[in-house]
Amino acid sequence: MDKLVAFFKNVWFRRAVALLCWGYTALMLWVAWLNFGFFFVFENPTPLFVLYLFVNIAALGLMILTRKQMFTKINAYILPPIVFAIVIFGFGNWYMIAPPLVVMLVLFFVNNSNETLKTVLGTMYLLMYVIGVVGYIGIRMFMGDITFTGVDLTRRDPDYEKLSESGEYRIVRYINDTNERKAMTYYVEYTGDDVEIPLGLCKKVFGCRHIHTATYQNKSEDLVSWSTQKVDGVKTDVLLVEGSLRENPYLIKPAEEDDSSVGSSPSRSSSSSTRTSGSTSGDLSGSAETGETGDTTRTAE
């Protein structure tokens with residue numbers, strides 16, 4: 001028993017554990033990123049929450065054990081801004097916010113660092129949380145739901161999702177209420193950016209491409225679907241929007257400068273955009289270039 005106690009008290013063991021605890025900080029940074037740009041789909045949220053809670057409790061126990069180590073002291077001052085990002089990006093998802101928030105608060109007060117530094121930084125962080133949260137709530141009260149991804153995830157239709165034939169893209173729909181009018185807005189998302197988590201999937205929303213907006217009639221109405229076309233002999237996923245073929249916005253890229261223009265006058269360099277895969281206006285009749293700004297929007301009447 002004495003040897004075991006001596007092992008746990010060994011300074012090098014505690015330094016190693018303190019360094020290992022930075023993995024928890026990296027995990028919280030990842031959680032903040034997921035809250036910022038992803039839509040969560042859980043197979044069973046209860047076991048996942050239990051696992052998440054266990055990770056937070058274990059990390060807190062290890063950081064309390066190593067509270068006198070410099071690695072842990074620095075960690076205690078880096079965690080508050082990261083947890084603040086989780087609070088703002090995941091506002092309302094308290095099951096995801098509460099555990100790291102408790103870990104951050106406890107660690108900040110129990111870490112064995114200079115009290116003056118702790119008081120100064122504590123005041124700054126407190127102001128950051130109070131002003132940030134109150135300001136965020138105030139903006140939502142006066143301006144409605146705001147998001148950092150450009151779409152309101154609370155209005156996402158959970159029963160509507162269409163994968164392309166290749167499985168690389170999906171069409172999703174949002175049902176919006178604006179000035180007593182309902183509109184359906186369609187977006188394309190790239191499935192390759194999705195992130196698998198235990199007992200769930202995080203679907204990448206940040207950077208999704210708007211393709212169509214129309215007046216809402218009923219949920220069974222289907223205005224957008226996938227089709228395939230051969231472009232230069234290559235099978236390509238395209239969109240069928242109210243009977244008109246349009247290119248997949250993810251496949252539209254800006255043209256590169258012609259190598260022959262190197263060394264020529266800047267006025268002769270090309271700055272125009274073209275479609276990829278050598279597609280022409282004849283390949284997709286009625287096609288129109290689309291992007292994140294929603295050039296193909298049809299105003300809801």
Side-chain angles (χ1 to χ4, degrees), residues 17-18 20-67 71-113 118-119 121-141 145-149 151-156 158 195-206:
V17 172
L20 182 65
C21 288
W22 279 79
Y24 173 78
T25 306
L27 175 64
M28 291 301 103
L29 192 61
W30 185 60
V31 170
W33 164 239
L34 291 181
N35 276 281
F36 170 75
F38 291 80
F39 177 73
F40 295 89
V41 178
F42 302 118
E43 297 175 9
N44 194 338
T46 302
L48 182 59
F49 174 73
V50 172
L51 176 62
Y52 183 64
L53 188 62
F54 172 78
V55 169
N56 280 271
I57 293 173
L60 178 59
L62 293 176
M63 286 190 282
I64 290 176
L65 176 67
T66 60
R67 63 187 179 277
F71 288 133
T72 301
K73 294 176 185 178
I74 297 173
N75 209 357
Y77 296 133
I78 289 179
L79 270 176
I82 296 175
V83 176
F84 176 73
I86 296 176
V87 172
I88 296 299
F89 296 150
F91 196 82
N93 297 329
W94 303 113
Y95 63 90
M96 193 170 294
I97 295 173
L101 187 62
V102 172
V103 171
M104 181 269 295
L105 288 172
V106 173
L107 178 62
F108 189 86
F109 286 108
V110 303
N111 81 88
N112 191 21
S113 59
K118 189 183 292 187
T119 301
L121 289 178
T123 303
M124 292 174 58
Y125 288 145
L126 180 61
L127 288 173
M128 179 181 70
Y129 273 81
V130 172
I131 295 174
V133 172
V134 172
Y136 181 76
I137 294 174
I139 291 173
R140 291 188 64 175
M141 289 177 62
D145 292 332
I146 59 173
T147 62
F148 299 94
T149 57
V151 293
D152 185 357
L153 296 180
T154 62
R155 300 189 182 279
R156 187 180 177 112
V195 176
E196 291 188 10
I197 59 175
L199 304 173
L201 178 66
C202 300
K203 297 181 177 181
K204 179 76 175 292
V205 173
F206 182 70

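When reading the values below, keep in mind they use all heavy atoms of this one structure, side chains included, and skip hydrogens, waters and symmetry mates.
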K.L.:
Could you grab the distance from atom CG of Leu20 to atom CE of Met63, nearest 0.5 Å is fine?
P.N.:
10.5 Å

K.L.:
What pairs with Lys203 under side-chain hydrogen bond (donor to acceptor under 3.5 Å, both in side chains), at least two apart in sequence or on another chain?
P.N.:
Glu161

K.L.:
With side-chain contact (heavy atoms from CB on, under 4.5 Å) as the criterion, how do Val205 and Phe38 come out once you've worked through the C-alpha distance, each side chain's angles and the decisive distance to 0.1 Å?
P.N.:
CA-CA 5 Å; Val205 173; Phe38 291 80; 5.7 Å; no

K.L.:
How long is the gap from CE on Met124 to CE on Met128, to the nearest 0.5 Å?
P.N.:
8.5 Å

K.L.:
For Phe206 and Phe36, run ring-ring contact (aromatic ring centres under 6.0 Å, His included): C-alpha distance rounded to whole Å, both residues' side-chain angles, the deciding distance at 0.1 Å, then the answer.
P.N.:
CA-CA 8 Å; Phe206 182 70; Phe36 170 75; 5.0 Å; yes

K.L.:
List the atom of Leu201, the atom of Val195, and the distance in Å for their closest heavy-atom pair.
P.N.:
CD1-O, 3.5 Å

K.L.:
What side-chain donor-acceptor pairs closer than 3.5 Å can you find for residues 72-99, not counting sequence neighbours?
P.N.:
| unit_1 | atom_1 | unit_2 | atom_2 | d |
| --- | --- | --- | --- | --- |
| Thr72 | OG1 | Thr66 | O | 2.9 |
| Thr72 | OG1 | Thr66 | OG1 | 2.8 |
| Lys73 | NZ | Asn112 | O | 2.9 |
| Asn75 | OD1 | Thr25 | OG1 | 2.4 |
| Asn75 | ND2 | Thr25 | OG1 | 3.1 |
| Tyr77 | OH | Ser113 | OG | 2.4 |

K.L.:
Begin from the C-alpha positions of Leu101 and Tyr129 and carry the test side-chain contact (heavy atoms from CB on, under 4.5 Å) through to its verdict.
P.N.:
CA-CA 11 Å; Leu101 187 62; Tyr129 273 81; 4.0 Å; yes

K.L.:
Which value, rounded to the nearest 0.5 Å, describes the distance between Tyr52 atom OH and Ile57 atom CD1?
P.N.:
12.0 Å

K.L.:
Rounded to the nearest 0.5 Å, what separation is found between the CZ atom of Arg67 and the CZ atom of Phe109?
P.N.:
15.5 Å

K.L.:
Quick one, Asn111 with Lys118, criterion side-chain contact (heavy atoms from CB on, under 4.5 Å). Give me CA distance, side-chain angles, the key distance, then yes/no.
P.N.:
CA-CA 9 Å; Asn111 81 88; Lys118 189 183 292 187; 3.9 Å; yes

K.L.:
Under the criterion side-chain contact (heavy atoms from CB on, under 4.5 Å), I'd like the reasoning laid out for Asn44 against Leu48: C-alpha separation, chi angles, the key distance, then a yes or no.
P.N.:
CA-CA 7 Å; Asn44 194 338; Leu48 182 59; over 6 Å; no

K.L.:
Taking Trp22 for its side chain and Phe71 for its backbone only, find out whether a donor-acceptor pair lies under 3.5 Å.
P.N.:
yes

K.L.:
Can you give me the closest heavy-atom contact between Pro47 and Leu199, atom names plus distance?
P.N.:
CB-CD1, 3.4 Å

K.L.:
If you compare all heavy atoms of Ala59 against all heavy atoms of Tyr24, which two are closest, and at what distance to 0.1 Å?
P.N.:
CB-CD1, 3.4 Å

